[in-house]
Each structure stands twice: as C-alpha cells, then as structure tokens.
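A short worksheet on the structure shown next.
All heavy atoms count here, side chains included; hydrogens, waters and symmetry mates do not. Below, read A as the first sequence line, B as the second, and so on, with proteins coming before strands; counting in each chain starts at 1.
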Number of protein chains: 2
Amino acid sequence: MGASEDGARATIRAVAALAGVSPSTVSRTLNNPELVNAETRRRVLECAERLGYQPNRAAQSLVLGRTMSVGLIVPDIANPFFAPFIKGVEAYFRQTGYAVFLADTDEDGATEVRLAEAMVERADGLILCSPRMSGMRVRSIAAKLPVVLAHRLSRTVPSISMDVQPGIEQAVTHIHALGHRRCAYLSGPRDSWSNRQRRKALHDRCAERGIELVVLGPYEPRFTGGYRAADEVLAADVTAVFAYNDLVALGVRSRLEGRGVRVPGEISVVGFDDIPMASMTSPPLTTVAVPVPAVARGAAAMLLARLVGGAPGAPPPPPAPELATRLVIRSTTGPT
Amino acid sequence: MGASEDGARATIRAVAALAGVSPSTVSRTLNNPELVNAETRRRVLECAERLGYQPNRAAQSLVLGRTMSVGLIVPDIANPFFAPFIKGVEAYFRQTGYAVFLADTDEDGATEVRLAEAMVERADGLILCSPRMSGMRVRSIAAKLPVVLAHRLSRTVPSISMDVQPGIEQAVTHIHALGHRRCAYLSGPRDSWSNRQRRKALHDRCAERGIELVVLGPYEPRFTGGYRAADEVLAADVTAVFAYNDLVALGVRSRLEGRGVRVPGEISVVGFDDIPMASMTSPPLTTVAVPVPAVARGAAAMLLARLVGGAPGAPPPPPAPELATRLVIRSTTGPT
DNA sequence: ACTCGTACCACAAACGTTTTCATACTCCCG
DNA sequence: CGGGAGTATGAAAACGTTTGTGGTACGAGT
C-alpha cells in the first residue's frame, strides 16, 4: 500500500491540488474517465494513488441520493436453512459494489417490522426473507424503498420463491407408495407464508390419494419444536409425518428414538429444506430439497434490477423452472 | 404512521418551514432539546412527526464524520459456531443505534483482507472474528479504524477470546480417566489462531499425563473435513480423537460409523464449540463448550467503548473469568 | 484574418445536516 | 433607567462529493 497517509484521509481537494487541477477534474477522471485528457488522467490517477485517495461514501451518498448498500432481513441466522441464502445474496452483491446489511428478527414479526423500518434510512433496497409481517406492512415499506420478497409470493411486491409443488407431489407419492394412509403435518409458525404453502399443497396432494392428513402444531421451527411435536405425533396415531422443516423433523426423530419408537420402522419422517445437517445425521433424513442458492441469486438480481433500472413497472416474473423443489429420499422413510 | 408523505422524504428545511422556525432550531430540538424553548420544541416535534421526518443519514455522516455502522467479518456464516456470535454482536449494537454490516470470507484469508479494506470506507469500526490474516495486515487495518479481534488474541490490537485451558484440561483428564493413552488431534486451518491454541493446549496437557498425541490434518473445518479425517484416524491407530471443532467431530463420527467402527465403543470422539447440533445427533457429542455469546458481547462492548470514548489508549483487558471453556460430556466418549 | 466547433477544464451550486457565532429579547440588579 | 447576564433563535459556514454551465485555447474552414 504505497500510500503516504498522515492519519487523516485524503480528500478530493488534496489530490486536485497535488495534480494541479480542480476537484471536478478529479471527480471526472474517476467517474467518467473518457471526459478528461489522457495525460491529465494519468497524472490525476497517479496522485490519487499516491495519496491513497478513497472517495468519502457519505459525501457521495448525499449528492447522489443513494447509499450503495442493501438490507437483508432473515428470521434466524442460526437456522441453517438461511445460511446459504445469506451467502448467496452477499456473493451476488459483492460484485456490484453494494454492501449488505444483515439483520435477524429472531422469528418475531414485530422485530421484523422495526428492523425493516430502520433499514429504510440506511439502504437503497431491501430483501425480506420469509417475512412474517402482514401484506399491508410489506406494501407500506415497499412504498418507501425497493423491496423484494424471498420465500413468499405477492402480487403487489416483486417476489420470488421456489415451487413447492413438485417436491411435495413426490413426497406424498413416495409416502403413499410405502403404504401410509394416515399422516401428520407438523406445522410451522402460523404467520409464515411458506408454512401455509406447504400445508395446503400437502393437504391437496394427500386428499387426491386418499391419505388422511392431520395437522399438528404450530411448533417453533427449531429442533426443540420437533421435540415437542413428537409426543403429540404418538398420540395422533399416524404412521408418517411431514415436518415443516428439517430442524423440526430432526427433533421429532430424536425424541421418537428417545421414547423407543423406531424411525422409519414404526414412523416415517419427511423433512423440508434439505439443510446440510439432514444428510449428516443417522439415519439421514428424507426431505424435500429447496434450491436456496437459486432463490437467493434470483432475489438479489431482482433487487439490483430495480435499483439500477429506473422503471418500477415490470411485474414480478413467474418462478423460474430451476426453482422447483424435489424429494431427496434417504433413510427416515420406510414401508408401514 | 400518520405521516402525510408525498413520495419525497421530508427534509429538515420542510419541517422548519412548517413550524415557522429555522433549520438550526429543528436540529437542536432533535439533538439538544434542552436548548430550545418548551413551546417551540413541542411545535417542532409535532411538525416533524406530521411530516414523518427522518434525518438523512448521509448528511449526518458527512458533517459528523461517522457512519453509525460497524462491520463484522466472519469466516463462514454457515458454520453454526458463528451464528450465536453474529446474533450476539447484532443484538448488542441494535440498542446503540449502530447498524452492522456482515461479511463472510468463505474461510479465505485473501477475501478477508479485501472485505476488511472495503469496510474501512463504510463503517466506523470493525470486528474481526477468527481472522486468518497476518498480524501485520491486522495492524495495518487497525491503523485506519477501530478494530477488535474476536477469537484471537493480540498484544497490539484490542482482542477477546475464550480461555481454552479449562475445557481442554477437563477433556484430557476425562479421556485419560477412560484409559486412553494414544490420541489424535484433527487440526483445523493452518492459519487459524484458535487451531494453534487448541493444538498447543492439547499437546501440553497430554504430555503432562503421558498421553501420546498424534496431530493429523489440517482438515477444512466442516463436516466433510471430518469425513476425510476418519480414514486417516483409522490408519493412525488411536483410541480417541480430539477434533478441531464439532463439525469435524460429527464428520469423523459419521464416517467411522459408515466404516463399521463403533463410537465410542472402539474410538472416542471429542468435539469443540458445542454447537446446537452437537446435542442433537445420536449419540450426542462430547465436546468442549465455548461461551460464544459472552465473547460476542465482550467484543461488541470493546468496540463500542473505542467508538465513543475518544482515547485509543486503554490496553485490552484480560479475558474475563466467565469466558472459560468447559467440557460437556455426552455419549461419544467411553472407556477403551 | 475571422468565425466556428471541439476538446478540455474550472467555477460554483447543490445535496441535508450540525454547529459556531452573532443577535435580539427578557429579566434582574444596581 | 441603564447595563449585564442569560436565554432563545437565526444566519452562515462547513462536511466532501458530483455535475451543469461556461470559458479558454486551439485547429480548421471560409
């Protein structure tokens, strides 16, 4: 770093003075190089380099009216389902010069709203991942800055989600083929859009095949939630359970085993998400895999498009085909 | 939300005009209320409320010279060890009005440096979690903005870490008591400070008790790393292994089981970190628990102190007593 | 030689705050 | 009744950029 730094950061004026030009010329060399003479450009660039000049972000933001950062709000960083999502979004924006603010709502709707409101001041755009807040709230926030919803679809706000149908179709077919006729769905948070999605799809597919589906819960979408669910599952007299997500599935399995119930011997368990852990436990979990990185990239791309393209028009594109879910059969499902 | 918003955000001038005062008075009402007349204050506040006025962050940053945001750089968000850390830091700063930028280095030293450099422009301070970069790099960055190191100790830069000794002491005692005399350490990333810490402590304690310690690796600190390690473990002819972290421990256990080796029947496994997953697998993992939330709070507090208190003096305080690690005995360790 | 065009650059305004300094008013005391 | 001490407010500078407007110099065309 061949910069001769005297503690204080170099301003544009300093490099202008050093190069013997005006600040505007420096600005232009940096932002519209083609507008300045080659020789001047060289000199300015050299001086900027020498002083280690970095434009002041605040000043830029002030005049340009944008902060070059975006917000990302997720329900729970500790939930392994969101890690690849966060990584995906971050990776995408890294190349674009945008920084991303991350916030964690602790699965709480009120916190979510507070955080989103706070983001309005600091970010140019916002990605709401699996938001819990009401559609009205979402619209109110979307009115203040570009928002895209991930893992939740909306007609009024650009949004992206995976297509839950194929995976659930496959799961129900699988369970039906194994001979199960009475199953349970362990539901997730009541205000979660994806919970409603999953429940409905499951309900429809089961009905089609004459499988009786009892809905249990809601349970908190963590390991401990599944733990709680297990006892209610045993009371419900079912031979297979679909869990809201893998964490819950893992929880049930663990508790079931603790109570001496064999999985899949006596009860089959199907998870949702296919988090890394799902393949690591023994027995590994049968689960519906979700193309999280694709959703993440999609969400990021949509937001970026709204950020650079001025037109707020263009209605949300339909879920792309690569966003389909699919069943991954491992070892927690077996014949009745 | 009784704001009458006409799309464009209200400026301080707008509320000044509405309240019939000068912008300076509005600014004072908001920042030094005691300096303005009670009646004026009431009126200004009301007008601000009515317009939904929110000070423009960029403008504030520009004049105040601070951005009210801090950076947090971690090696891997997907690693469950870091989730509570991130949450802890975020929760701490949430109350202080600072926002936190999160970045993920993908366990890569070069990426880490790049990200840290990028943070310099946008944040007032920086928390480097388990940094891989060289001490020189760290100092170079610390020269540009307040930095605190977490999970790595330094004499020149404020830093905080847990005390690894008690946990390792307990683990070695435990393993020794179970009759093991030849063990392996599955090392983590070569450039990781905590890896060196753990290896050294382990080495010393084992030597004291006449336990032979063979060091294997390095392995990448994930599940798959442990998978790879398992085969080398079998070749090393040991009866117990200490893994760099829980993910690796889980990986070995899984692969060992896959090769028909019973844990803890034939080989005992000790992890490190006590991530949530450690207690969920079967058998649950014996591991050295790390007080991550305490470290997170400590790091955040140290950074905040440097941010508000002007004096950069005060040398880093020694690790507080509550930051001790401790062994959690579960079911992956047993007698030889 | 004069004009016109082009290429390059400087000047200055603007972005929305905070804060210093000055001013006007009020009140109290001598 | 005049002056000094507060108290409350306004005017203006400053923070570091970007960008529109205008001016200068130079070459070419008539």
Side-chain angles (χ1 to χ4, degrees), chain A residues 5-45 47-48 51-69 97 120-124 144-145, chain B residues 5-45 47-48 51-69 97 120-124 144-145:
Chain A
E5 346 185 348
D6 8 339
R9 294 259 306 253
T11 83
I12 201 175
R13 240 182 287 276
V15 2
L18 186 57
V21 299
S22 81
S24 15
T25 301
V26 177
S27 173
R28 263 187 284 264
T29 18
L30 265 24
N31 303 313
N32 303 83
E34 72 281 4
L35 291 184
V36 336
N37 179 285
E39 161 59 15
T40 318
R41 191 191 317 160
R42 202 196 47 70
R43 202 169 66 245
V44 169
L45 253 22
C47 295
L51 296 181
Y53 170 70
Q54 296 279 98
N56 177 310
R57 290 269 175 188
Q60 282 184 320
S61 296
L62 184 56
V63 56
L64 296 177
R66 52 203 163 86
T67 62
M68 292 307 280
S69 49
V120 172
E121 310 172 38
R122 335 181 90 103
D124 295 338
K144 300 185 198 161
L145 86 174
Chain B
E5 346 184 346
D6 9 338
R9 292 260 306 253
T11 82
I12 202 176
R13 240 180 289 275
V15 1
L18 186 58
V21 298
S22 80
S24 6
T25 301
V26 177
S27 174
R28 264 187 290 259
T29 344
L30 265 24
N31 303 314
N32 304 83
E34 72 280 4
L35 290 185
V36 337
N37 178 284
E39 161 58 13
T40 317
R41 190 190 318 161
R42 200 196 49 71
R43 202 170 64 245
V44 169
L45 253 22
C47 295
L51 295 181
Y53 170 70
Q54 295 279 99
N56 178 310
R57 291 268 174 189
Q60 283 184 319
S61 295
L62 183 55
V63 56
L64 296 177
R66 52 201 162 86
T67 63
M68 293 305 280
S69 50
V120 171
E121 310 172 38
R122 337 181 88 102
D124 295 337
K144 300 186 201 162
L145 86 173

Please write out the pairs of protein N or O atoms and N or O atoms of nucleotides 15-17 of chain D separated by less than 3.5 Å, giving the distance to one decimal.
from, atom 1, to, atom 2, distance (Å)
D/dT17, OP1, A/Tyr53, OH, 3.2
D/dT17, OP1, A/Asn56, N, 3.2
D/dT17, OP2, A/Ile12, N, 2.6
D/dT17, O5', A/Tyr53, OH, 2.9

### Message
Just to verify, what does A/Leu18 make a side chain to side chain contact (heavy atoms under 4.5 Å, CB included) with, not counting sequence neighbours?
### Response
A/Cys47, A/Arg50, A/Leu51
### Message
On a heavy-atom basis, which atom in A/Thr11 and which in A/Tyr53 lie closest, and how many Å separate them?
### Response
C-CE1, 3.6 Å
### Query
A/Ser22 side chain: which of D/dA8, C/dA10, C/dC9 is closest?
C/dA10
### Query
Could you give the CZ-to-P distance, from B/Arg28 to C/dC21, as a whole number of Å?
13 Å
### Task
With sequence neighbours left out, write down each residue that passes side chain to side chain donor-acceptor pair (under 3.5 Å) with B/Glu121, or none if nothing qualifies.
A/Gln54, A/Arg57
### Message
What's A/Thr40 touching, base or sugar-phosphate or nothing? Going by heavy atoms closer than 4.0 Å.
### Response
sugar-phosphate
### Summary
Atom CE of B/Met68 and atom C1' of C/dT18 are separated, to the nearest Å, by 15 Å
### Message
Once rounded to the nearest 0.5 Å, what's the spacing between atom CG of A/Leu30 and atom CG of A/Leu45?
### Response
6.5 Å
### Task
Output every pair passing salt bridge (charged side-chain N to carboxylate O under 4.0 Å, His left out) with a member in residues 16-26 of chain A, not counting sequence neighbours, ordered by first then second residue.
none
### Task
Whole angstrom is fine here: how far is it from CG in A/Leu35 over to P in D/dT19?
11 Å
## Note on the structure
CG (A/Asp124) and CG (A/Leu145) are apart, to the nearest 0.5 Å, by 8.0 Å
### Message
Closest-nucleotide mapping onto DNA chain D: is B/Val36 or A/Asn32 further toward the 5' terminus? I mean the 5' end.
### Response
B/Val36
### Message
According to side chain to side chain donor-acceptor pair (under 3.5 Å), who are the partners of A/Ser24, at least two apart in sequence or on a separate chain?
### Response
A/Ser22
### Query
Looking at residues at least two apart in the chain, or sitting in another chain, which of them share a side chain to side chain contact (heavy atoms under 4.5 Å, CB included) with A/Ser61?
A/Thr67, B/Ala58
### Message
Quick test of your reading: applying salt bridge (charged side-chain N to carboxylate O under 4.0 Å, His left out), list the pairs with at least one residue in residues 13-25 of chain B, sequence neighbours left out, ordered by first then second residue.
### Response
none
Find every protein N or O atom lying less than 3.5 Å from an N or O atom of nucleotides 22-24 of chain D, and list the pairs.
none

### d(CZ, B/Arg57; C1', C/dT18) in whole Å
15 Å
### Query
Under 4.0 Å between a side-chain N or O of A/Ser24 and OP1 or OP2 of C/dC11?
no
### Query
Over its full length, what angle do the end axes of the helix from C/dA1-D/dT30 to C/dG30-D/dC1 make, each axis taken from five pairs and the result rounded to 10 degrees?
70°
### Task
Would you give the length of the straight line joining atom CZ of B/Arg28 to atom CZ of B/Arg41, rounded to the nearest 0.5 angstrom?
13.0 Å
### Query
Which residues satisfy the side chain to side chain contact (heavy atoms under 4.5 Å, CB included) test with B/Asn37, sequence neighbours excluded?
B/Glu39, B/Thr40
